[in-house]
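For reference, the structure is listed below as structure tokens.
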Amino acid sequence: MKLKEYCVIEENDKIIVENVHDFNPVHIFECGQCFRWVKQPDGSYIGVVRDRVVKVRYRSGMLEIHNSTSNDFLDIWYDYFDLGRDYSEIKGLIAKDEIMKKAVEFGSGIRLLRQDLWEMIISFILSSNNIIPRIIKIIDSISRTYGKKIDFEGKSYYTFPCIDGFMNSDLEKLEICRAGYRCKYIVKTLEMMEKTTVKISNFQELGLEAARKKLMEFPGVGPKVADCILLFSGIRFDVFPTDVWVKRVVEELYFGREVSFKEIQEFAKSYFGPLAGFAQQYLFFYAREKKIGVKK
DNA sequence: TTGCAGGGGTCAA
DNA sequence: TTGACCCCTGCA
């Protein structure tokens with residue numbers, strides 16, 4: 001089977017996708033955009049996406065997805081891994097100064113995942129005023145409490161719960177997930193979600209400001225969280241989520257002084273334009289791994 | 001062993 | 001604009 005430039009071979013329980021470039025699992029799964037992929041001792045990653053568990057391995061142009069079929073490739077993985085996009089071209093366009101050249105080279109295998117909108121709303125509400133290892137723990141705990149169990153390679157995994165999964169269960173149990181004051185944001189958000197029909201298509205029809213405004217109606221969603229939701233569910237790529245790491249790296253490498261959130265947003269818009277979201281990911285990964293701007 | 005500082009966006013005063 | 005919110009980690 002062929003889809004665009006890819007050749008997909010089905011073999012036992014796995015598929016092998018040939019001719020995949022600009023793909024590095026470490027960069028993709030550890031650049032802060034997702035919380036449900038776990039590195040295995042052999043270097044592969046196991047992740048829960050929608051209602052399935054898969055294992056992903058990549059070497060020299062070959063992407064292996066275990067526990068999957070070629071139909072899944074068409075239905076899920078092609079979009080999820082954003083395989084229709086030429087990241088070499090994007091990298092060429094945004095690596096227009098020495099800083100971006102370094103950041104792009106450092107995270108050369110980053111791809112933006114197109115993740116589930118509901119999952120992103122809840123996940124990024126949990127991300128505010130929080131650190132990545134803890135966010136991962138909380139989401140894992142929520143999935144164990146409210147999701148469905150799936151066994152894979154002798155271990156149990158849990159899907160991220162759908163709205164019904166939450167609402168049909170006891171929301172008081174959220175407290176055991178150690179999310180602190182964010183629990184009440186989640187409960188309120190779920191109640192609001194139940195009453196509305198918010199879909200990705202709704203957001204794609206809206207302009208950027210209207211989409212942001214709509215997301216910020218949910219409690220716990222401010223400007224940064226709203227931009228993360230839009231970017232990581234593949235709705236908008238012209239946003240520049242500005243957290244402490246991005247602020248630090250832009251201040252240190254571009255301005256050489258302290259700047260406001262608004263100044264950074266204006267800079268990103270004029271400098272990176274429609275590719276701001278990609279630039280943000282390379283910069284974030286670079287800043288965090290290299291600890292740029294951290295006071296010693 | 002204990003206790004305190006630090007990290008991290010949003011909300012409400 | 002500023003302090004409070006919550007939990008975990010690291011380090012005296």
Side-chain angles (χ1 to χ4, degrees), chain A residues 30-36 38-39 115 117-146 166 171-193 196 198 203 208-233 235-236 239-252 257-269 276-277 280-281 283-296:
Chain A
E30 306 206 8
C31 72
Q33 63 176 327
C34 56
F35 305 104
R36 307 229 56 208
V38 181
K39 194 173 192 177
Q115 301 174 80
L117 176 59
W118 298 125
E119 187 174 333
M120 291 303 99
I121 291 174
I122 303 297
S123 297
F124 281 94
I125 286 175
L126 292 168
S127 80
S128 85
N129 204 15
N130 212 343
I131 47 177
I132 292 175
R134 250 185 77 208
I135 303 165
I136 292 171
K137 269 190 199 161
I138 296 170
I139 294 174
D140 182 63
S141 177
I142 284 181
S143 302
R144 283 171 188 275
T145 309
Y146 297 101
F166 276 114
L171 283 177
E172 298 288 316
K173 281 195 290 186
L174 257 185
E175 283 178 19
I176 65 169
C177 302
R178 321 302 297 156
Y181 61 87
R182 301 169 196 86
C183 285
K184 60 179 186 289
Y185 295 156
I186 304 286
V187 172
K188 184 85 204 306
T189 295
L190 285 165
E191 285 167 2
M192 288 167 69
M193 280 177 172
T196 129
V198 183
F203 285 99
L208 176 56
E209 283 314 312
R212 270 198 190 121
K213 209 175 147 197
K214 204 168 166 70
L215 282 172
M216 282 165 61
E217 286 173 12
F218 293 118
V221 180
K224 187 265 174 182
V225 169
D227 285 356
C228 283
I229 295 167
L230 291 170
L231 184 60
F232 302 135
S233 49
I235 295 170
R236 307 262 340 180
V239 290
F240 196 77
T242 304
D243 68 350
V244 59
W245 288 104
V246 173
K247 189 165 183 287
R248 276 182 201 144
V249 71
V250 172
E251 281 174 349
E252 178 146 332
R257 63 176 169 90
E258 241 184 66
V259 284
S260 67
F261 176 82
K262 200 171 157 229
E263 276 179 289
I264 293 179
Q265 290 291 303
E266 282 163 3
F267 158 75
K269 195 177 172 184
Q280 189 271 2
Q281 269 310 273
L283 276 173
F284 174 83
F285 186 62
Y286 184 58
R288 200 164 60 93
E289 298 292 310
K290 297 262 181 190
K291 302 206 185 304
I292 290 173
V294 177
K295 288 182 193 121
K296 285 177 187 140

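Proteins get letters first, then strands, A, B, ... in listed order; numbering begins at 1 in each.
- For DNA chain B, the neighbouring residues in residues 179-189 of chain A, judged by any heavy atom under 4.0 Å, are A:Tyr181, A:Arg182, A:Tyr185.
- Using a 3.5 Å distance cut-off with no hydrogens or angles, the side chains of A:Arg36 and A:Ser123 do not pair a donor with an acceptor.
- Under the 6.0 Å cut-off for aromatic ring centres, A:Phe284 and A:Phe240 do not qualify, their centroids lying 6.0 Å or more apart.
- Using a distance-only test at 3.5 Å, with no hydrogens or angles considered, a donor-acceptor pair links the side chain of A:Tyr146 to the main chain of A:Leu174.
- Within a heavy-atom distance below 4.0 Å of DNA chain C, the residues of residues 124-134 of chain A found are A:Asn129, A:Arg134.
- In this structure, A:Arg212 pairs ionically with A:Glu209, as a charged nitrogen and a carboxylate oxygen lie closer than 4.0 Å.
- Dense packing is recorded around NZ of A:Lys184, with more than 12 heavy atoms of other residues, nucleotides or ligands lying under 6.0 Å away.
- Listed by residue number, the members of residues 208-216 of chain A with any heavy atom below 4.0 angstrom from DNA chain B form an empty set.
- Counting to the nearest Å, the C1' atom of C:dT9 and the CD1 atom of A:Ile135 are 15 Å from each other.
- Contact between the side-chain N/O atoms of A:Trp245 and the OP1/OP2 oxygens of B:dG7 is not found at any separation under 4.0 Å.
- Listed nucleotides: B:dT10, C:dC8, B:dG8. Nearest to the side chain of A:Lys137: C:dC8.
- Considering CG of A:Leu117 and CD1 of A:Ile235, their distance stands at 4.5 Å, rounded to 0.5 Å.
- In this structure, A:Phe284 places its CZ atom 11 Å from C1' of B:dG8, rounding to the nearest Å.
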